[in-house]
Amino acid sequence: QVQLVESGGGLVQTGGSLTLSCEASGRTFNAYAMGWFRQGPGKDREFVAAINWSGSKDNYSESVKGRFTISRDNAKNSVYLYMKMLKPEDTAVYYCNAGGMDERLNYYPSSEYWGRGTQVTVSS
């Protein structure tokens, strides 16, 4: 079983940067691919980025590609999301998830392992 806790959200100006962290409890963290999702005001939750169990492969949504970087440290049971060149449309609650990834880098979120989210607000 994995419990996830996100942190690092906050208020930032357009063009700024922010790093989100997600710390997992449990001894099987490195058995999972990890993903970041977000839900903006009045919007559905959407995929942002994912990374495989070893950290050697990652995948991004088109809206964040080139601006966001996902990474993980299995020794610290943590996954990170570095965000730069932030835009007002990046404003959302950001969630991490433990799931699976196939060879085509498609990420499959688990329905069970979600954090509670951290708020990111980008002011214009």
Side-chain angles (χ1 to χ4, degrees):
Q1 194 169 8
V2 178
Q3 293 182 327
L4 304 171
V5 179
E6 302 94 339
S7 61
L11 175 64
V12 62
Q13 292 184 333
T14 296
S17 61
L18 208 57
T19 299
L20 306 182
S21 301
C22 173
E23 185 171 357
S25 62
R27 295 176 292 177
T28 59
F29 174 73
N30 60 2
Y32 295 92
M34 297 296 296
W36 284 98
F37 290 73
R38 67 186 182 186
Q39 187 166 14
K43 298 181 180 180
D44 294 332
R45 190 173 298 189
E46 64 174 356
F47 170 78
V48 174
I51 191 166
N52 71 340
W53 70 273
S54 67
S56 63
K57 298 179 181 180
D58 54 28
N59 187 20
Y60 300 89
S61 69
E62 288 299 320
S63 63
V64 307
K65 195 172 291 183
R67 299 189 298 121
F68 290 12
T69 302
I70 189 170
S71 62
R72 68 188 293 164
D73 185 339
N74 286 344
K76 295 183 178 180
N77 277 11
S78 293
V79 62
Y80 309 97
L81 186 68
Y82 171 64
M83 308 181 292
K84 66 179 182 181
M85 299 168 56
L86 283 162
K87 306 174 183 180
E89 51 264 44
D90 295 318
T91 294
V93 179
Y94 284 71
Y95 301 89
C96 68
N97 175 273
M101 181 182 279
D102 63 21
E103 293 181 351
R104 296 185 177 183
L105 306 185
N106 295 309
Y107 182 74
Y108 300 94
S110 70
S111 59
E112 185 177 2
Y113 303 138
W114 289 95
R116 292 189 175 184
T118 185
Q119 174 72 48
V120 173
T121 303
V122 184
S123 63
S124 58

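Sequence positions, counted from 1, serve as the residue numbers for this chain.
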Residue pair [X] / [Y], side-chain heavy-atom distance below 4.5 Å:
X: T14; Y: P88; result: yes
X: Y107; Y: I51; result: no
X: L20; Y: E6; result: no
X: R38; Y: V64; result: yes
X: L18; Y: F68; result: no
X: Q119; Y: T91; result: yes
X: C22; Y: W36; result: yes

So, taking the atom named [atom1] in [X] and the one named [atom2] in [Y], what distance separates them when rounded to the nearest 0.5 Å?
X: K87; Y: S124; atom1: NZ; atom2: OG; result: 14.0 Å
X: Y80; Y: C96; atom1: OH; atom2: SG; result: 11.5 Å
X: M101; Y: K57; atom1: CE; atom2: NZ; result: 9.0 Å

Legend entry - Inter- and intrachain pairs under salt bridge (Lys or Arg N to Asp or Glu O under 4.0 Å), touching residues 105-121, at least two apart: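 Applying salt bridge (Lys or Arg N to Asp or Glu O under 4.0 Å) to every pair that reaches into residues 105-121, excluding sequence neighbours, yields nothing.
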
Any donor-acceptor pair under 3.5 Å from [X] side chain to [Y] backbone:
X: R45; Y: V93; answer: no
X: N59; Y: L105; answer: yes
X: S56; Y: S54; answer: no
X: N52; Y: G55; answer: yes

Inset, instruction - Could you tell me which residues satisfy salt bridge (charged side-chain N to carboxylate O under 4.0 Å, His left out) with E103, sequence neighbours excluded, listed by chain and number? - result: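 Testing E103 for salt bridge (charged side-chain N to carboxylate O under 4.0 Å, His left out), a comparison that skips the adjacent residues, returns none.
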
Legend entry - Pairing residues for R67 by the salt bridge (charged side-chain N to carboxylate O under 4.0 Å, His left out) criterion, not counting sequence neighbours: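 Applying salt bridge (charged side-chain N to carboxylate O under 4.0 Å, His left out) to R67 gives D90.
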
Legend entry - Neighbour count >12 (heavy atoms, 6.0 Å) for atom CD, Q3: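 At most 12 heavy atoms, drawn from other residues, nucleotides or ligands, come within 6.0 Å of this atom.
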
Inset, instruction - Give a yes or no on whether D44 atom CG has more than 12 heavy-atom contacts from other residues, nucleotides or ligands under 6.0 Å away. - result: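 Open: at most 12 neighbouring heavy atoms sit under 6.0 Å from CG of D44.
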
Inset, instruction - Assess the side chains of Y95 and N97: does a donor N or O sit below 3.5 Å from an acceptor N or O? - result: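 There is no such pair (donor and acceptor under 3.5 Å, judged by atom type) between the side chains of Y95 and N97.
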
Return the minimal non-hydrogen interatomic distance between [X] and [Y], and the atom names on each side.
X: Y113; Y: Y32; answer: CE1-OH, 3.4 Å
X: A98; Y: S110; answer: O-OG, 2.6 Å
X: A24; Y: V2; answer: CB-CG1, 3.9 Å
X: A31; Y: W53; answer: C-CB, 4.5 Å
X: T118; Y: G9; answer: OG1-N, 3.0 Å
X: D73; Y: F29; answer: O-CE2, 4.2 Å

Legend entry - Cluster overlap M83 with V12, hydrophobic side-chain contacts below 4.5 Å: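 The answer is yes; both residues are in one hydrophobic cluster.
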
Inset, instruction - Find out if a path of hydrophobic residues (ILVMFWY) with successive side-chain heavy-atom gaps under 4.5 Å connects V48 to Y60. - result: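 They do share one cluster, since a chain of ILVMFWY contacts under 4.5 Å joins V48 to Y60.
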
Inset, instruction - May I ask you to decide if the ring planes of W114 and F37 are parallel, tilted or perpendicular, using 30° and 60° as cut-offs? - result: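 Perpendicular, since the angle between the ring planes exceeds 60°.
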
